[in-house]
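On a predicted model such as this, the values are computed, not experimentally measured, just so you know. The figures that follow rest on heavy atoms only: side chains count, while hydrogens, waters and symmetry mates do not.
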Amino acid sequence: MRASRLIPVIALVIGLFLIIQGLLGIVAPDAFVSVVRLFQSPPMLYVAAALRIAIGIVLLCAVTGSRLPIFLRIFGVLVVIGGVLTPFVGVQFAHTILALWSSQGPGLVRLFALVSLALGLLTSYAVSQARRSV
C-alpha cells in the first residue's frame, strides 16, 4: 500500500481511537482517569509526547483530499504543539487536570471525554471517503 493511501487509513484509525477514548470516558470515567494517570510517569510522558507528535504529523499529511482540511490542519498543528510541550509541562498539566477532575467528580471527566468523542467523530468524517453518486 502506498503512503498516499496509507495516511488516510492511519488518520481514520486515530479518529476511531479518539471515539473509543471518548466513549470510555463517558461510560467509565474512572477507567479514563486511570489511563491519564498511567501517562504521568516520566518514561510514559515521553511516549505520550512522541505519539502526539506522530499523530499530529499524520493528521497534517491527511489534509490533502480530506473533507475538512482546515479542521485537520488546525487540529494537527495543535496536537504537534501539545506533543512538543508535553515533556516540559505534561506532568504539571496532568496533575492540575487530575486534581480538577477529583474535586469536580465524574461529570467533568465525562465532559472532557465528550470533547474527545467529538474530535474523533470529526477526524473520522474528515478523512473518510465521500460517497460518490452512481
Side-chain angles (χ1 to χ4, degrees):
M1 187 177 258
R2 292 184 6 200
S4 62
R5 291 184 179 258
L6 188 60
I7 293 294
V9 171
I10 296 170
L12 182 60
V13 169
I14 290 167
L16 294 174
F17 173 76
L18 287 169
I19 291 168
I20 291 167
Q21 176 182 298
L23 291 173
L24 174 68
I26 292 167
V27 174
D30 292 336
F32 186 82
V33 171
S34 295
V35 172
V36 172
R37 269 201 183 91
L38 174 70
F39 284 93
Q40 279 191 0
S41 64
M44 289 303 289
L45 192 67
Y46 298 118
V47 170
L51 279 172
R52 286 179 181 160
I53 292 169
I55 288 169
I57 290 170
V58 167
L59 294 176
L60 290 170
C61 290
V63 166
T64 306
S66 71
R67 291 177 166 185
L68 302 172
I70 294 171
F71 165 75
L72 284 181
R73 274 191 194 100
I74 293 169
F75 189 37
V77 167
L78 290 175
V79 172
V80 169
I81 290 170
V84 170
L85 292 177
T86 294
F88 305 106
V89 297
V91 172
Q92 183 59 37
F93 184 70
H95 283 228
T96 302
I97 292 294
L98 288 170
L100 182 63
W101 287 350
S102 295
S103 67
Q104 299 298 318
L108 188 59
V109 175
R110 286 186 173 109
L111 181 62
F112 272 75
L114 188 61
V115 170
S116 177
L117 177 63
L119 289 172
L121 289 169
L122 274 171
T123 301
S124 298
Y125 174 78
V127 299
S128 64
Q129 292 290 333
R131 288 188 182 175
R132 295 182 186 195
S133 57
V134 180

*Asks:* By ring pair (Phe, Tyr, Trp, His ring centres under 6.0 Å), which residues pair with F112, not counting sequence neighbours?
*Replies:*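 Per chain and number, F112 pairs via ring pair (Phe, Tyr, Trp, His ring centres under 6.0 Å) with W101.
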
*Asks:* So, for G25 and R110, which heavy atoms are closest and what is the spacing to 0.1 Å?
*Replies:*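 Answer, listing the atom of G25 first, then R110: O-CG, 3.6 Å.
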
*Asks:* Would L60 end up clustered with L68 when hydrophobic side chains under 4.5 Å apart are linked, directly or stepwise?
*Replies:* no

*Asks:* Specify the closest pair of heavy atoms between A62 and L72, including all atoms of both residues, with the distance to one decimal.
*Replies:*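 Looks like O-CD1, 3.8 Å.
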
*Asks:* Do F17 and L122 belong together in a cluster built from hydrophobic side chains that touch within less than 4.5 Å?
*Replies:*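 Different clusters: F17 never reaches L122 through Ile, Leu, Val, Met, Phe, Trp or Tyr contacts under 4.5 Å.
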
*Asks:* If we only count heavy atoms from C-beta on, is the L111 to L108 side-chain gap below 4.5 Å?
*Replies:* yes

*Asks:* For the CG atom of L24 and the CG atom of D30, what is their distance to the nearest 0.5 Å?
*Replies:*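 If I round to the nearest 0.5 Å, the distance is 10.0 Å.
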
*Asks:* Mind listing the side-chain donor-acceptor pairs of residues 74-89 below 3.5 Å, one per line with the distance, residues two or more places apart or on another chain?
*Replies:*
unit_1 : atom_1 : unit_2 : atom_2 : d
T86    : OG1    : R52    : NH1    : 2.5
T86    : OG1    : G82    : O      : 2.5

*Asks:* L18 and S116: which non-hydrogen atoms are nearest, and at how many Å?
*Replies:* O-OG, 3.1 Å

*Asks:* Only pairs at least two apart or in different chains count here, so list each side chain to side chain donor-acceptor pair (under 3.5 Å) that has a residue in residues 37-46.
*Replies:* Q40-H95

*Asks:* Take atom CG of L38 as the centre, draw a 6.0 Å sphere, and report whether it contains more than 12 heavy atoms from other residues, nucleotides or ligands.
*Replies:* yes

*Asks:* Are L98 and F32 grouped together when hydrophobic residues (ILVMFWY) are joined by side-chain heavy atoms under 4.5 angstrom apart?
*Replies:* yes

*Asks:* Mind checking the CD1-CG spacing from I20 to L117? Nearest 0.5 Å is all I need.
*Replies:*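 CG of L117 is found 11.0 Å from CD1 of I20.
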
*Asks:* Could you measure the distance from the CZ atom of F39 to the CG atom of L51? Nearest 0.5 Å is fine.
*Replies:*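 Going from the CZ atom of F39 to the CG atom of L51 covers 6.5 Å.
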
*Asks:* For V63 and P69, work out which heavy atoms get closest and say how close.
*Replies:* CG1-CB, 3.7 Å

*Asks:* Tell me whether V33 shares a hydrophobic cluster with V36, the cluster being built from Ile, Leu, Val, Met, Phe, Trp, Tyr side chains joined at under 4.5 Å.
*Replies:* yes

*Asks:* A quick test of your reading: do over 12 heavy atoms of other residues, nucleotides or ligands sit less than 6.0 Å from OH of Y125?
*Replies:*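 Open: at most 12 neighbouring heavy atoms sit under 6.0 Å from OH of Y125.
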
*Asks:* Taking all non-hydrogen atoms of both residues, which atom of V109 and which atom of P29 are closest, and how far apart?
*Replies:* CG1-CB, 3.7 Å

*Asks:* Would you indicate whether the side-chain heavy atoms of L16 and I19 approach each other to under 4.5 Å?
*Replies:* yes

*Asks:* Are any side-chain N or O atoms of S66 and backbone N or O atoms of V127, one a donor and one an acceptor, separated by less than 3.5 Å?
*Replies:* no

*Asks:* Mind checking whether L100 and Q104 have side chains closer than 4.5 Å, heavy atoms only?
*Replies:* yes

*Asks:* Does V13 belong to the same Ile/Leu/Val/Met/Phe/Trp/Tyr cluster as I7, with side-chain heavy atoms less than 4.5 Å apart forming each link?
*Replies:* no

